[in-house]
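Just the heavy atoms: all of them, side chains too, but no hydrogens, waters or symmetry mates, feed the values below. Remember, it's 1-based here, ligands and their atoms both numbered in the order they're listed.
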Amino acid sequence: MHKKRVFSGVQPTGNLHLGNYLGAIKNFVDLQNKFECVYCIVDLHAITNRQDPKELESNILETVASFVAAGLNPEKNIILNQASVAAHAELAWIFNCVARIGWLNRMTQFKEKAGANKENASVGLMVYPNLMAADILLYKATHVPVGEDQKQHLELTRDIAKKFNNDFNCGEYFPIVEPLIPKEVSRVMSLRDGKKKMSKSEESDQSRINLKDNKDLIDQKIKKAKTDAASIPTEVGGLKNRHEASNLVSIYASLNNIKVENVLKDFGGKNFSTFKSKLSESIIEKICPIGDEINKLLKNKDYLYKILENGSKKADLIAKKNLKEIYDIVGLKKFS
Ligand code: AMP
Ligand code: TRP
């Protein structure tokens, strides 16, 4: 039996938004009281796409600030940046030799990100899920809170763990991880198109609520958010094929920790303008204090760097010990 341990990662690519919060970070905060948790700023994943070095540095700090502002306690959790702990990249290499090309070719995120010209994508983008598996399994984590878009990558992590355990005949050395995906809103969609996920990289800022948006901007974005002509349904079935309506209702449910059914009980039959003003209120109440705190924390860079330094040192102790065991299993020796 493996000791329960939570691991998750967020890319420091700027503009953390409501999707990141409801899909992942809100869950990180809830889990910190129940498990030993490791939360990682995955800077090595970020460079699978070209990053401006100066912007990358400031995005790393902004991600630490967002974690803390959302309620993560840096004393209680290990908060690190991936590049500080060399074992992530070392284990990723081993997994490059365990995972099969066919497995990676099936990854929908790779297909989406590589676009039409797959030949021109970085090799890093292709082996990105192997690095993600290394992040998790380096700490022998058992539970991984993520949004629904990461489910396929976690299935791959399970396949890698099983193949490694089997190839090297080492029992259940690596745990078979459990994804923790939020029920009410596993995928927050764009405010402009209910079929596309809310994303940092979407060109239109109107498509997302950023954690640093102010009250007026949130109000304006929700007012403009796409809906349809019908009113709010009274039953869940009435949301079928109404992507935008369903998204807004799910966001409300998740922010208020209630079920979609209960939102429909309160708002069923009403028009969107009434609902939207309540939704704005809920978003403002939860998100604006986080945005204010991020701005405050960003004024104290030394404090933020200290969090990463302390967290990375703690992580490195676990990582070095586990990597040594893994090298022994594989038959590799490390003399330095
Ligand atoms: P990323 O910004 O891609 O590093 O994502 C960080 C975390 O936020 C991951 O757990 C994602 O699954 C989650 N996430 C990102 N976008 C969304 C979204 N639109 N809805 C729900 N979760 C999301
Ligand atoms: N791939 C994840 C994303 O884009 C980020 C990530 C990297 C991650 N390593 C991880 C998430 C390990 C969970 C566990 O959202």
Side-chain angles (χ1 to χ4, degrees), residues 5-29 31 37-49 51 59-60 62-63 66-67 70 78 80-83 85 88-89 91-92 95 107-110 112-113 124-125 127-158 160-161 175 177-202 207-211 243 246-247 250-251 254-255 315:
R5 181 179 274 155
V6 166
F7 183 97
S8 197
V10 175
Q11 297 192 62
T13 37
N15 275 337
L16 283 185
H17 52 71
L18 192 63
N20 297 123
Y21 179 69
L22 295 179
I25 299 171
K26 181 170 177 270
N27 238 348
F28 296 0
V29 177
L31 288 162
C37 302
V38 183
Y39 295 121
C40 187
I41 294 163
V42 290
D43 40 15
L44 299 177
H45 276 105
I47 62 164
T48 54
N49 280 315
Q51 301 292 329
N59 285 336
I60 290 170
E62 190 157 326
T63 312
S66 306
F67 280 3
I78 296 181
L80 74 146
N81 68 306
Q82 199 180 26
V85 178
H88 286 252
L91 183 55
F95 288 168
M107 295 293 114
T108 52
Q109 185 173 298
F110 173 69
E112 276 166 26
K113 288 199 176 172
L125 192 64
V127 294
Y128 173 118
N130 294 345
L131 177 59
M132 178 162 163
D135 296 338
I136 299 166
L137 295 175
L138 183 59
Y139 301 92
K140 297 190 210 169
T142 53
H143 293 79
V144 183
V146 280
E148 206 260 339
D149 60 331
Q150 295 302 313
K151 198 170 163 209
Q152 195 185 31
H153 288 157
L154 291 185
E155 277 156 15
L156 188 96
T157 301
R158 292 162 68 104
I160 289 177
V177 293
E178 287 294 332
L180 299 174
I181 298 174
K183 282 202 192 72
E184 291 310 325
V185 66
S186 55
R187 189 182 278 251
V188 177
M189 308 311 275
S190 153
L191 300 178
R192 295 263 136 200
D193 177 352
K195 286 194 188 135
K196 269 185 167 170
K197 75 171 183 182
M198 186 177 284
S199 151
K200 295 168 183 171
S201 53
E202 174 64 45
S207 68
R208 62 180 165 260
I209 304 283
N210 303 302
L211 296 186
H243 303 286
S246 168
N247 186 39
S250 304
I251 292 174
S254 173
L255 281 169

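Close contacts between ligand 1 and Q150 involve ligand atoms 12 (O) [criterion: under 4.0 Å to a heavy atom]. Of all atoms in ligand 1, numbered sequentially from 1 with element shown, those under 4.0 Å from a heavy atom of R187 are 20 (N), 21 (C). Near V144, meaning under 4.0 Å from any of its heavy atoms, are these atoms of ligand 2: 13 (C), 14 (C).
Between M198 and N20, every side-chain heavy-atom pair lies at or beyond the 4.5 Å cut-off. By the 4.5 Å heavy-atom criterion applied to side chains, L131 and Q82 are counted as neighbours. A heavy-atom distance below 4.5 Å is found between the side chains of N27 and P182. When side chains are defined from C-beta on, S8 counts as touching V146, because their heavy atoms get closer than 4.5 Å. With a 4.5 Å cut-off on side-chain heavy atoms, R158 and E178 count as touching.
Side chain of Y39 to backbone of F28: a donor-acceptor contact under 3.5 angstrom is found.
With hydrogens left out, the protein atom closest to atom 23 (C) of ligand 1 is G19 O, 3.4 Å, a heavy atom. In this structure, the protein non-hydrogen atom closest to atom 10 (C) of ligand 2 is M132 CG, 3.5 Å. Closest protein heavy atom to atom 9 (N) of ligand 2: D135 OD2, 2.7 Å. The nearest heavy-atom contact from the protein to atom 14 (N) of ligand 1 is N20 ND2, 3.8 Å. With respect to atom 15 (O) of ligand 2, the closest heavy atom belonging to the protein is Q150 NE2, 3.4 Å. When only non-hydrogen protein atoms are considered, atom 7 (C) of ligand 1 lies nearest to A24 CB, 3.7 Å. In this structure, atom 11 (C) of ligand 1 lies nearest to the protein heavy atom D149 OD1, 3.4 Å. Looking at atom 20 (N) of ligand 1, its nearest protein heavy atom turns out to be V188 N, 2.8 Å.
The option from A46, G23, G14, G147 that lies nearest to atom 9 (C) of ligand 1, judged by heavy atoms, is G147. Closest heavy-atom approach to atom 1 (N) of ligand 2 among the candidates Y139, Y128, Y39, F7: Y128. Between the choices R208, Q11, K200, H17, the shortest heavy-atom distance to atom 2 (O) of ligand 1 belongs to K200. Nearest residue to atom 6 (C) of ligand 2 from G9, P129, S8 is G9 (criterion: closest heavy atom). For atom 14 (C) of ligand 2, the candidate residues are L44, L137, I41, I136; the nearest heavy-atom contact is made by I136.
For the atom pair L31 CG and K26 NZ, the distance stands at 11.0 Å (nearest 0.5 Å).
If you run side-chain contact (heavy atoms from CB on, under 4.5 Å) between H45 and each of I47, N49, V42, only V42 comes through.
A side-chain N or O of Q152 and one of T108 form a donor-acceptor pair less than 3.5 Å apart. In this model, no donor atom of one side chain and acceptor atom of the other lie less than 3.5 Å apart for Q109 and D149.
In terms of polar-atom proximity, defined here as any N/O pair under 3.5 Å, V10 makes no such contact with ligand 1. Taking only nitrogen or oxygen atoms, main chain and side chain alike, H153 does not reach within less than 3.5 Å of ligand 2.
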Audit row: K196, E202, salt bridge (Lys or Arg N to Asp or Glu O under 4.0 Å) steps and yes/no: CA-CA 10 Å; K196 269 185 167 170; E202 174 64 45; 3.4 Å; yes
Go through L154 and I136 one step at a time and tell me if the side-chain contact (heavy atoms from CB on, under 4.5 Å) criterion holds. CA-CA 9 Å; L154 291 185; I136 299 166; 3.6 Å; yes
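By the criterion of a heavy-atom distance under 4.0 Å, the side chain of V146, and not its backbone, is placed next to ligand 2. Heavy atoms of L131 found under 4.0 angstrom from ligand 2: none, in either backbone or side chain. Within the 4.0 Å heavy-atom criterion, both parts of V146, backbone and side chain, lie near ligand 1.
Using 4.0 Å as the threshold, S186 has a heavy atom nearer than that to some atom of ligand 1.
Using cut-offs of 30° and 60° for the angle between ring planes, the F7 and Y139 rings count as parallel.
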